[in-house]
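Predicted model, so just to flag it, every value in this text is computed and none were measured.
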Amino acid sequence: MTTQLRWTVPLLTLLIHSLASAQSFLDVFPKPTVTVANQQRGDTTFTSKFTPSESLWDERLDERPVFLAEMTHQQDEDNSFTLRLGQGGQIYSLRGPFGESVPPSWRAAGGKVSPWNDEVWQFVAVCSKYNGIEGRTARGVPTETLERIRQSPYATSFFIHNSGAYIPGDSAVKSLYCPLLASAMDEQNRTIRMLNWGLVPQIRTVHRSPLLYYTQIRDVGNGVIELTWVVHNFSTRDDIVFDHLNAPWGGTRISSLPLRYVSSPEGKLLQREGFLSEHGTVDVRETGGWNISCASDDDDSPSLALVYGRDKHLEAELARQAAGQPYCQFKHSLYRDWRASEPLYKNVWKDWATRPENSFRNYDVCEIIPKIQIVPGSTIWFRSYLVVGKRSKVIEQATELVDNVDYGLLTFDPTHSPMTTMEDAGIKNAFQVFTQPVSGTMPLMRIRNTKTNQEIITTDPYYFVDKEKLDFTLPANHPHHDYYRDTTGYSMDKNNSEWLSLVGYAYVDKPATGNWQQLSTLLDASEFPKPDPHHLDLWVRTLNR
């Protein structure tokens with residue numbers, strides 16, 4: 001029996017005799033609730049043709065590899081904008097009447113570079129339990145073990161970007177973005193949709209990412225941009241829970257939008273000082289559910305608002321948790337706001353207003369921390385808004401949009417979820433897989449080895465990534481011993497991989513009824529290698545034609 005929460009997938013036509021389009025793999029998003037009258041919508045155009053943006057970025061960065069698509073909204077002079085989406089699912093450029101609003105991804109010379117993987121609008125998820133061996137998790141760990149971990153080239157921090165990876169100065173790769181598995185531009189509905197496998201941003205890591213990020217950007221009209229994320233956790237371990245989220249992580253370029261305010265519940269504009277806690281955070285219900293970044297305090301000043309809501313389902317979610325029912329939110333959410341590298345503005349960057357805008361950090365950060373958990377096998381969603389326009393109008397629009405911010409669990413009914421058929425000369429029998437993350441399934445990806453040209457279908461996105469067995473020797477009585485006893489280091493800069501597409505979702509266990517066979521009986525060994533703990537032999541529906 002499927003548990004129905006705030007939104008469920010509508011009945012869709014079963015796809016049987018043809019491969020599903022990219023659009024069908026992306027039909028996971030709840031329907032929009034915000035509309036604008038036709039005469040107030042403006043015009044929206046899309047392009048996938050790259051031309052250099054007019055923005056200044058860190059001089060070491062090349063914009064071409066990150067670019068995927070551009071959305072242009074043309075309306076009034078004050079609310080027109082051009083938005084660029086990156087290969088990893090991130091908004092890496094948003095130009096409006098204020099110029100470029102996304103920071104330049106500047107980093108000091110000599111260290112790591114950050115090519116549109118951090119200072120962008122994106123979703124980030126943290127597995128708090130295994131996020132680094134430090135603090136309380138280091139208790140009881142011998143000094144020599146801690147030193148071995150710290151000296152290892154493989155990072156133990158465990159968070160997943162919806163953008164890309166940090167690139168060390170000596171790396172052979174210049175950029176690495178979250179692999180794009182599907183994308184579609186829909187001009188009629190004014191949306192761009194993407195599906196990416198999220199990456200641990202440390203290019204060498206001991207952790208495996210089990211997150212799929214679905215991203216939808218919709219031009220509502222009248223300067224309003226709707227941001228919707230759907231996130232699925234396909235971990236094979238039941239203790240890999242992502243319980244510290246940023247939805248979104250992002251911010252603004254100070255040289256374009258030097259003023260930042262947070263709304264009070266009554267709509268008063270509050271400055272950071274004296275309002276936020278010492279950690280830069282505050283309960284979202286102590287705010288009005290939105291912030292605004294402005295070029296000046298004039299009513300007609302070019303401005304950008306982020307509308308993040310006020311925990312509309314908190315009480316209902318806590319009641320579900322208390323009743324033992326499926327839930328995702330476990331606590332009140334937080335708003336966080338600060339100026340990156342703020343001490344340097346007092347001495348090194350005192351002249352920030354006149355120096356080149358790509359010569360310093362130039363970043364006012366804001367992040368929404370919804371206290372939502374993504375447990376293995378579950379799918380959550382979160383929707384918020386950006387608003388471009390004149391300051392006075394943006395304040396009015398942001399206030400009206402707060403109640404439309406939404407989130408929750410998603411469930412996909414197997415009797416209604418569409419399926420796609422796989423058949424070619426190399427397949428003994430045609431078979432079907434779901435296009436949506438139905439409960440009890442795992443995602444199958446098609447991956448190509450860039451050295452040998454071998455293509456496989458697998459549940460393991462790390463199959464062709466260079467691996468190294470590590471011996472951290474955590475004591476047997478340490479609570480994380482089980483996790484680290486067979487530690488593997490993954491070198492994403494030596495991945496030999498081209499992640500081609502999502503094939504679909506198939507069952508881990510054989511269903512009680514129907515024609516189901518394991519992939520190993522249907523595919524040649526060159527396309528489906530011998531199963532292992534990460535490369536699973538899933539059950540697919542056969543047609544026996």
Side-chain angles (χ1 to χ4, degrees), residues 7-51 67-76 79-87 89-96 121 123 162 180-196 212-230 307 381-389 397 400-401 404-406 410 412 416-420 434-436 501-502 504:
W7 185 86
T8 55
V9 179
L11 180 62
L12 296 171
T13 304
L14 193 66
L15 302 175
I16 294 182
H17 297 299
S18 63
L19 289 174
S21 65
Q23 190 67 46
S24 66
F25 282 106
L26 297 167
D27 283 336
V28 298
F29 297 95
K31 292 181 178 180
T33 57
V34 175
T35 58
V36 172
N38 288 340
Q39 63 272 23
Q40 296 178 310
R41 294 178 69 192
D43 296 319
T44 308
T45 57
F46 300 100
T47 183
S48 57
K49 181 180 179 180
F50 173 76
T51 56
F67 176 82
L68 176 72
E70 180 181 277
M71 169 191 287
T72 300
H73 174 81
Q74 294 178 314
Q75 196 172 353
D76 300 330
N79 65 7
S80 296
F81 61 83
T82 298
L83 180 152
R84 289 191 168 200
L85 274 167
Q87 294 282 340
Q90 71 273 53
I91 297 176
Y92 82 87
S93 174
L94 177 57
R95 294 186 61 88
W121 292 104
F123 197 108
N162 185 196
L180 179 63
L181 303 176
S183 65
M185 292 185 287
D186 183 346
E187 293 198 15
Q188 181 177 352
N189 292 307
R190 300 154 65 105
T191 62
I192 300 177
R193 291 175 166 183
M194 303 174 63
L195 167 60
N196 296 82
L212 291 179
Y213 284 120
Y214 295 82
T215 305
Q216 177 179 274
I217 310 298
R218 183 171 75 100
D219 181 5
V220 178
N222 214 16
V224 177
I225 306 165
E226 182 183 80
L227 315 175
T228 309
W229 291 275
V230 170
V307 186
W381 70 290
F382 197 96
R383 173 172 289 159
S384 54
Y385 299 88
L386 295 171
V387 187
V388 175
Q397 289 175 289
E400 294 173 351
L401 285 166
N404 289 281
V405 173
D406 212 344
L410 289 182
F412 299 90
H416 294 162
S417 182
M419 302 187 83
T420 182
F434 294 103
T435 62
Q436 299 166 331
S501 64
L502 176 71

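A side-chain donor-acceptor contact under 3.5 Å links Arg190 to the backbone of Asp219. At distances below 3.5 Å, at least one donor-acceptor pair connects side-chain atoms of Ser80 with backbone N or O atoms of Gln75. In this structure, the side chain of Gln397 engages the main chain of Asn222 through a donor-acceptor pair within 3.5 Å.
Atoms OG1 and CD, on Thr44 and Gln188 in that order, are 12.5 Å from each other to the nearest 0.5 Å. A distance of 6.5 Å separates CG of Leu85 from CG of Leu68, quoted to the nearest 0.5 Å. Atom CD1 of Ile225 sits about 12.5 Å away from atom OH of Tyr385, to the nearest 0.5 Å. Distance CG/Leu386 to CG/Leu401: 10.5 Å, rounded to 0.5 Å.
The shortest side-chain heavy-atom distance between Trp381 and Asp406 falls under the 4.5 Å cut-off. Side-chain atoms of Leu227 and Ile217, non-hydrogen and from C-beta on, do get closer than 4.5 Å to each other. Residues Asn189 and Arg218 are not in side-chain contact: their nearest non-hydrogen atoms beyond the backbone lie 4.5 Å or more apart. Here the side chains of Leu83 and Ile91 are in contact, with some heavy-atom distance below 4.5 Å. Looking at heavy atoms from C-beta onward, Thr191 lies out of side-chain contact with Phe29 at the 4.5 angstrom threshold.
Of all heavy-atom pairs between Ile192 and Ala69, the closest is CD1-CB, 4.1 Å. Nearest heavy atom pair, residue Tyr214 against residue Leu26, reads CD2-CD2, 4.2 Å. Here the closest heavy-atom approach between residue Asn196 and residue Gln87 is recorded as ND2-O, 2.8 Å. Closest approach of Thr420 and Phe25 over heavy atoms only: CG2-CZ, 4.0 Å. Annotation for Ser24 and Thr435: closest pair O-OG1, 3.7 Å, computed over non-hydrogen atoms. In plain terms, the two heavy atoms of Met194 and Leu180 that are nearest each other are CE-CD1, 3.7 Å.
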Q: Would you check, one step at a time, whether the test side-chain hydrogen bond (donor to acceptor under 3.5 Å, both in side chains) holds for Thr228 with Arg383?
A: CA-CA 4 Å; Thr228 309; Arg383 173 172 289 159; 2.7 Å; yes
Q: Kindly determine whether Val28 and Leu195 satisfy side chain to side chain contact (heavy atoms under 4.5 Å, CB included), including the steps that lead there.
A: CA-CA 10 Å; Val28 298; Leu195 167 60; over 6 Å; no
Q.
Does Phe123 form a side chain to side chain contact (heavy atoms under 4.5 Å, CB included) with Thr215? I'd like the steps, not just the answer.
A. CA-CA 9 Å; Phe123 197 108; Thr215 305; over 6 Å; no
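A salt bridge links Arg193 with Asp27: the distance from a Lys NZ or Arg NE/NH1/NH2 to an Asp or Glu carboxylate oxygen falls below 4.0 Å.
Note on ring orientation: taking the six-membered ring where Trp is involved, the planes of Phe81 and His73 are parallel (angle under 30°, cut-offs 30° and 60°).
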